[in-house]
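Take a look at the structure below.
Positions are given from 1, in the same order as the sequence printed here.
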Amino acid sequence: MGLGPECLPRLEELFFLIEEKKVERYSALNLSQAKQKYSDMELFYSSKNFRLFFKPMERNILQISISKKNFNKAVQRNKIKRRIREIFRKNSSINSVGGMIVFSVFKPFAELSYSNAVLEVESAVNFFVSEKNKNEH
């Protein structure tokens with residue numbers, strides 16, 4: 001009797017306000033994390049297949065970022081990660097980088113053959129190492 005239709009709009013308005021605040025907090029947190037994640041990193045290579053970011057550090061670190069949106073099966077993502085790790089392991093010029101490399105993969109990378117992937121990744125890293133050495137001297 002006291003909970004007639006006149007009370008429902010007030011409850012709905014209160015519910016929507018609370019939900020909006022939660023969404024605002026969540027999106028603000030995500031935006032700040034995303035900015036923090038890549039704000040101090042330098043983009044040094046970009047192509048239709050992948051992007052490479054660099055952050056100076058004391059030791060060499062390789063991080064591989066593969067989106068579930070582009071590669072929905074874990075088998076695909078793991079295969080690409082193994083390829084990239086192997087390419088970086090075999091390339092000797094990477095040891096002179098001196099920092100963290102973030103490797104962000106796009107969909108066309110999966111269509112590359114292993115030899116083409118090796119050539120493209122090595123050329124990108126060699127270009128970065130040569131540019132870095134030019135800036136140091």
*Locate the shortest heavy-atom distance separating Ser67 from Arg77; write the atom from each residue and the value.*
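That would be O-CD, 4.4 Å.
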**OP:** Locate the shortest heavy-atom distance separating Ala117 from Leu112; write the atom from each residue and the value.
**Re:**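 What the structure gives for the nearest pair is CA-CD1, 4.1 Å.
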**Message:** Could you check whether Arg83 pairs with Glu86 (Lys NZ or Arg NE/NH1/NH2 to Asp/Glu carboxylate O, under 4.0 Å)?
**Reply:**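 Salt bridge flag = no for Glu86 with Arg83.
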Requested in this report: State, yes or no, whether a side-chain contact exists between Leu52 and Phe103 at a heavy-atom distance under 4.5 Å.
Outcome: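 Contact flag for Leu52/Phe103 side chains = yes.
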ILVMFWY cluster, [X] and [Y] together (side-chain gap under 4.5 Å):
X: Phe53; Y: Ile61; value: yes
X: Val118; Y: Ile101; value: yes
X: Val105; Y: Tyr114; value: yes
X: Ile84; Y: Phe54; value: yes
X: Leu62; Y: Ile87; value: yes

Stepwise ring-ring contact (aromatic ring centres under 6.0 Å, His included) test for Phe127 and Phe44:
CA-CA 9 Å; Phe127 171 75; Phe44 71 86; 8.3 Å; no
Please round to the nearest 0.5 Å and tell me the distance separating atom [atom1] of [X] and atom [atom2] of [Y].
X: Ser115; Y: Glu120; atom1: OG; atom2: CD; answer: 11.5 Å
X: Gln76; Y: Lys107; atom1: CD; atom2: NZ; answer: 6.0 Å
X: Lys79; Y: Lys73; atom1: NZ; atom2: NZ; answer: 12.5 Å

- Message: Which residue is it: Glu58, Gln63, Arg59? I am looking for the one with a side-chain contact (heavy atoms from CB on, under 4.5 Å) to Met100.
- Response: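 Going through Glu58, Gln63, Arg59 one by one, the side-chain contact (heavy atoms from CB on, under 4.5 Å) with Met100 is satisfied by Gln63 alone.
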I need the single residue from Asn70, Ile66, Asn116, Ile80 that forms a side-chain contact (heavy atoms from CB on, under 4.5 Å) with Phe109. Which is it?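 Between Phe109 and the candidates, side-chain contact (heavy atoms from CB on, under 4.5 Å) is satisfied uniquely by Ile80.
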Centre-to-centre under 6.0 Å for Phe50 and Tyr45, is that the case here?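 Distance test on ring centres: under 6.0 Å, yes.
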